Every structure is written in structure tokens, then in C-alpha cells.
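Remember, predicted model here, so these are calculated numbers, not experimental data.
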4 protein chains.
Amino acid sequence: MLNRVVLVGRLTRDPELRYTPNGVAVTNFTLAVNRTFSNKQGEREADFINCVVWQKPAENVANYLKKGSLAGVDGRIQTRSYDNNEGRKVFITEVVAESVQFLEPRGANSGQGNESYGGPSSMGNNDYGKQQNRSSGSFNNDPFANDGKPIDISDDDLPF
Amino acid sequence: MLNRVVLVGRLTRDPELRYTPNGVAVTNFTLAVNRTFSNKQGEREADFINCVVWQKPAENVANYLKKGSLAGVDGRIQTRSYDNNEGRKVFITEVVAESVQFLEPRGANSGQGNESYGGPSSMGNNDYGKQQNRSSGSFNNDPFANDGKPIDISDDDLPF
Amino acid sequence: MLNRVVLVGRLTRDPELRYTPNGVAVTNFTLAVNRTFSNKQGEREADFINCVVWQKPAENVANYLKKGSLAGVDGRIQTRSYDNNEGRKVFITEVVAESVQFLEPRGANSGQGNESYGGPSSMGNNDYGKQQNRSSGSFNNDPFANDGKPIDISDDDLPF
Amino acid sequence: MLNRVVLVGRLTRDPELRYTPNGVAVTNFTLAVNRTFSNKQGEREADFINCVVWQKPAENVANYLKKGSLAGVDGRIQTRSYDNNEGRKVFITEVVAESVQFLEPRGANSGQGNESYGGPSSMGNNDYGKQQNRSSGSFNNDPFANDGKPIDISDDDLPF
DNA sequence: TTTT
DNA sequence: TTTT
């Protein structure tokens with residue numbers, strides 16, 4: 001059935017790349033999407049929308065986007081539930097991003113240098129171009145330095 | 001910023017119409033949206049997506065749709081939080097339906113009669129046509145019989 | 001870049017299934033999508049939107065839908081041009097349907113029998129279930145009886 | 001009925017602001033939306049999608065966007081026809097933008113100065129903030145210098 | 001060239 | 001008639 005979501009917003013923090021036990025890449029991130037209208041205090045609030053992205057685009061997101069990056073997402077809404085450590089069922093609504101578009105030059109929104117830039121790039125499911133890791137200095141403060149470690153996401157969650 | 005959702009699915013139960021203290025109509029409903037792919041057990045799961053609709057379309061939804069009705073929604077994702085009775089912050093992600101389309105003849109999906117039908121009808125924000133209440137028998141088991149009672153929804157939640 | 005379209009409407013005529021020289025199925029159809037607002041004469045007009053669908057879903061559309069069928073489309077806008085027989089460039093804007101959802105029981109909207117029906121079915125790209133031909137009587141008045149004939153669509157138009 | 005389009009792309013030329021005889025602003029522009037996949041020559045093509053926007057957002061588009069600007073559009077597909085000067089019916093498919101989001105700092109993409117910038121701004125129908133004209137120098141080479149002139153768009157085309 |  |  002039809003289930004389609006399109007968002008443009010900014011990452012609220014650096015994306016988190018993980019791997020399932022089977023080695024499938026998953027990245028979680030939250031988009032802050034500013035509302036187009038103001039509340040009665042005259043402020044523009046935002047919606048904070050949790051997103052997941054799988055496989056190659058997951059790695060692209062982790063490599064190209066960081067806190068504050070402007071990105072577009074095309075995907076679908078997914079709901080799931082799990083039992084938390086108090087034995088209570090927790091319901092989750094999130095967006096499964098099928099493609100993510102990077103809407104800013106790489107290096108924008110950073111204190112560092114501004115590499116030359118050929119326009120926003122799309123990182124869809126059918127986009128398997130090469131990529132480089134963002135952290136390039138001698139100190140590695142990349143939050144995903146230990147990416148390769150498998151984690152506690154069941155392969156049953158895979159939407160493919 | 002762009003925040004757009006389009007869904008087609010079936011109501012998981014009768015919609016719940018309420019009124020804010022200021023008399024604004026709000027209806028909550030959940031759409032079951034079947035996935036287009038199967039899990040590894042070969043079953044097609046569904047996503048259960050909570051929706052809210054305000055004002056006139058809220059009343060239309062309550063009047064025209066019921067458990068099992070097939071409907072289309074065009075809206076946006078909204079997130080909000082509240083403190084539950086244990087003093088814990090609960091985060092909510094839901095769809096604010098800006099327009100709802102009824103995709104079945106009125107009376108379809110019911111044990112009762114099948115009134116004549118001129119096709120699916122849209123109940124957008126700019127659709128202020130007349131309407132009648134669905135419950136028509138002598139027994140009134142309409143769960144919204146006491147609709148008119150104001151309830152615990154703050155007018156601060158209004159997106160307009 | 002983001003390019004997403006979602007439509008719900010009715011086919012203005014029976015869909016037309018063709019095959020490219022390489023044997024790839026393509027179906028063209030037009031959706032009449034009623035506007036949710038009225039013009040100043042108080043009439044509700046419609047938009048007539050040309051759609052194309054490729055491969056397996058193309059065959060599903062041809063088999064399951066006909067003039068008047070209610071359908072949902074999830075896809076993208078495509079533009080192209082060709083030189084007509086007067087040597088003039090003609091510009092085309094159409095929707096490439098990536099998935100098509102059948103929103104009515106099979107046999108609805110027909111003078112004939114009403115087969116039992118388990119709800120609307122989706123015919124997405126990842127939906128390769130079996131199918132049967134719609135015409136089942138001894139007279140074959142299927143407009144696509146000579147489907148297998150290759151036609152004048154270049155394989156260069158394939159979006160994959 | 002559902003009719004929803006979301007696009008992100010770049011303007012192929014400066015937008016054209018006009019006024020109807022009744023003084024309603026209309027702006028036309030074309031978005032080049034790059035495809036996320038490549039053709040068999042390995043090139044990434046684009047779709048060139050004609051858009052119209054009405055009223056206040058029409059003026060915002062004319063003031064804030066120009067050739068090359070990156071913009072997001074949320075709207076619907078509209079079809080219409082007219083008789084050309086050879087007495088032939090011409091069919092038009094275009095996107096009516098209900099809201100337009102400016103995805104670049106003002107002054108980006110230009111040879112001139114780079115005004116300070118607080119992020120992309122949305123110019124939806126409910127966004128009636130102040131605006132200034134882009135051309136600020138002593139020479140006025142603004143292509144819309146004679147904006148105020150009514151033109152040959154019938155008020156019958158208004159979607160509101 | 002248009003559907004219910 | 002096309003953008004980066």
C-alpha cells in the first residue's frame with residue numbers, strides 16, 4: 001500500500017553507523033525539520049524525525065553527513081515495537097530512508113576548509129559510487145572509528 | 001522545510017472524535033498500511049501509523065470512516081512529547097493529516113445496506129460539504145455519542 | 001535529486017501494454033485525478049496524468065486494471081522530447097510509476113460478476129507474484145491479445 | 001483525490017513573475033532535477049519540470065531565486081490545454097507549487113557578495129514575511145523590472 | 001484523447 | 001528552451 005515520506009531537514013547530531021551480525025550496514029540519524037508556520041508565541045518549532053538507512057546509503061550518510069548537515073530523505077514510515085528492560089512494550093515510529101540527498105557542499109557547516117564542490121549529491125539505493133571517509137587529519141576523532149563492530153540490531157529488522 | 005507524507009491504508013478501529021476546550025474538532029485514528037514486501041517468513045506485515053486530523057475534516061473522518069475503511073492521507077509528520085503519569089517524557093511521532101480521502105463507497109465493509117455511491121470522495125481542508133452522522137439505527141452504539149464533550153487536548157497543540 | 005509523485009485516480013481507458021524490441025514490458029495509462037476544490041462554476045475538474053510503468057508491474061497493470069479502475073501510483077516525474085512527423089520537437093511530461101496499487105476489488109466497476117476479494121493489492125516493483133489474465137471467457141476480447149508484438153519504443157527509454 | 005509532488009532541483013533560468021488582470025501574482029520557473037541513476041552512456045540526465053506558483057510565494061520565488069538556485073517544491077500536478085495559434089490543442093502538464101523552499105543562502109551561486117545567512121528558508125503559502133528585491137545596484141537589469149504589467153493569463157486559471 |  |  002502507499003507509504004511515502006519526503007523530508008528536508010538538518011541532522012541533529014552525527015549519524016551512527018552500525019553493522020548487523022550479518023555485516024549489513026545501518027545508520028540512524030534524526031532530522032530536525034523546521035515547521036513552515038509559527039506557534040502562538042510566534043516561534044517556529046521543528047519536528048525531530050528519526051530515520052534509519054540500510055546498506056550502501058547507510059555508509060554514505062555516515063561518511064558525508066554530520067551534525068547540522070542539510071539533507072533530503074525519500075522513504076517510508078515504519079512502525080515496530082520492542083520490550084524494554086522493564087518488560088514494557090515500546091512503540092517506535094521512524095522513517096526508513098530509501099534514498100538520502102546531501103544538500104550542501106561537503107565541508108559546509110564546518111570550521112574547517114571548504115573543498116571544491118560540484119553540487120548536492122544524491123545517495124540513493126542505486127548509487128554505489130566510491131566514497132572516502134570524512135575524517136582525514138592525523139587525529140582520528142571520527143565517532144564511527146569502530147564501525148566494523150557488529151551490534152545489537154537483529155537481522156530480522158532488515159526491510160529487504 | 002519539506003515534510004510530506006502520503007499513505008493509503010485501513011483504519012484499525014473506529015476513529016475517535018474529540019473537541020478541544022475551545023471547541024475545535026480533533027480526530028485520532030490509526031492506519032494499517034500493508035507493506036509491499038514480505039518478511040523472511042513470507043508474511044506481509046503492516047505499519048500502524050497514528051494520524052490526527054483537525055477541524056472540519058476531523059468531523060468528516062468520524063462520520064464517514066470506521067474500522068476497516070480504506071483511506072488515503074496527505075499530511076506531514078509531527079513529533080511532540082508529554083510527561084506521563086510516572087513523570088517520564090514520552091515522545092510521539094504521528095501524521096497530521098491535512099486531507100483525507102475516502103477510498104470506498106460509504107457502507108462498504110459493513111454488514112448493513114449498501115447505499116448508492118458516486119465514487120470515493122475527498123475530505124480535504126477546503127471541503128466543507130454537508131455530512132450526516134453515520135449511526136442511524138435505534139440502538140446507538142456509536143462510541144462517539146458524547147462527542148460534544150470537551151476533553152484533555154490543549155489548544156496549544158493546534159497546528160493553526 | 002528528490003523527485004517523488006503520489007497519485008490516486010481512475011484510468012481514463014484500458015491500459016496499453018507494449019514490448020520493447022528487447023522484450024521489456026511497458027504499459028501506458030492515464031489517470032484522471034479529481035481536484036479537491038471547485039472552479040468558479042462550482043464544478044470539480046480533474047487532471048489527466050499520463051503514466052508509464054515498466055517490467056512486471058507493467059503486466060500487472062494491464063492484467064488487473066481497466067478503464068475506470070481506481071489506482072494509486074508512487075513514482076517520479078519524467079520529461080523527454082521527440083521529433084514529430086512534422087520535424088517539430090514535442091516535449092512530454094509524464095509519471096514513471098515505480099509501484100501501482102490496485103484500490104478496488106477485481107471485477108469491481110464491471111457489468112459482470114464480483115469475484116471474492118481480499119482487499120486492494122499492491123503491484124510494486126518488488127512484487128513478482130503470479131497473475132492471471134483478466135479475460136477468462138471463451139471469447140477473447142482482450143485489447144492486448146497481440147501483446148507479444150514488439151513495438152516502436154526504444155530500449156534507450158528504459159529507466160533501468 | 002491524492003495528487004502530491006515533491007521535487008528538489010535547480011532553476012534553469014531566472015523565474016518569470018507576471019500578474020493576472022486581477023492583479024494576482026504568478027511565477028513560472030523550470031526545475032532541473034538530476035536523476036539518481038545513469039543512462040547506458042553512463043551519464044546522469046535530468047528532468048526539466050515546469051512549475052507555477054501563485055500569490056505571495058510567487059513574489060518570493062521571483063525575489064529570492066534565480067537561474068541555478070537550488071529549491072524544493074511541494075505541490076501537485078496540473079494538466080490543462082489551450083489552442084495554439086495554428087488552432088491546435090496543446091496539452092500542458094506542470095507542477096503547481098504550493099510551497100517552495102529555498103535551499104541555499106541568498107547570494108550563493110552568484111559572482112557578487114555573500115550576505116549573512118541563517119539557513120534555508122521556506123516560502124510556503126502561509127509564509128508572509130517581509131522580502132526585499134534582489135536587484136540593489138544603481139543599474140537595474142532586473143528581468144522583471146516591469147512586473148506590474150498585467151498579462152495574458154486568465155484569472156480562470158487560478159487554483160483558488 | 002479523458003475517469004466515478 | 002535547460003541547472004550544478
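Taking atom NZ on D:Lys66 and atom P on F:dT4, their separation rounds to 10 Å, with Å as the unit. Atom-to-atom, CZ of D:Phe48 to P of F:dT4 comes out at 11 Å; the value is rounded to the nearest Å.
Minimum atom distance to the side chain of C:Arg10 is reached by E:dT3, of the listed F:dT4, E:dT3, E:dT2. Checking E:dT3, E:dT2, F:dT3 against the side-chain heavy atoms of C:Thr30 singles out E:dT2 as nearest. Residue C:Asn34 places its side chain closer to E:dT4 than to any other of F:dT2, E:dT4, E:dT2. Side-chain proximity of D:Phe91 to the nucleotides E:dT1, F:dT2, E:dT3 is greatest for E:dT1. The side chain of C:Lys89 approaches F:dT1 more closely than any other nucleotide in the set F:dT1, E:dT3, E:dT1.
The stretch residues 72-86 of chain D has no heavy atom under 4.0 angstrom from DNA chain F at all.
Applying the salt bridge (charged side-chain N to carboxylate O under 4.0 Å, His left out) rule to D:Lys40 yields no partners; only residues at least two apart in sequence or on another chain are considered. With sequence neighbours excluded, no residue satisfies side-chain hydrogen bond (donor to acceptor under 3.5 Å, both in side chains) with D:Asn3.
Taking all atoms of both residues into account, the shortest heavy-atom contact from D:Ile92 to D:Glu94 is CG2-OE1, 3.7 Å. Scanning both residues, D:Val8 and D:Gly72, for their nearest heavy atoms gives CG2-CA, 4.1 Å.
A distance of 10.5 Å separates NZ of C:Lys67 from CG of C:Leu11, quoted to the nearest 0.5 Å.
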Margin query: What verdict does the side chain to side chain donor-acceptor pair (under 3.5 Å) test give for C:Glu104 and C:Tyr64, after you've listed the backbone C-alpha separation in whole Å, the side-chain angles of each residue and the deciding distance to 0.1 Å?
Written below: CA-CA 10 Å; C:Glu104 281 177 330; C:Tyr64 289 111; over 6 Å; no
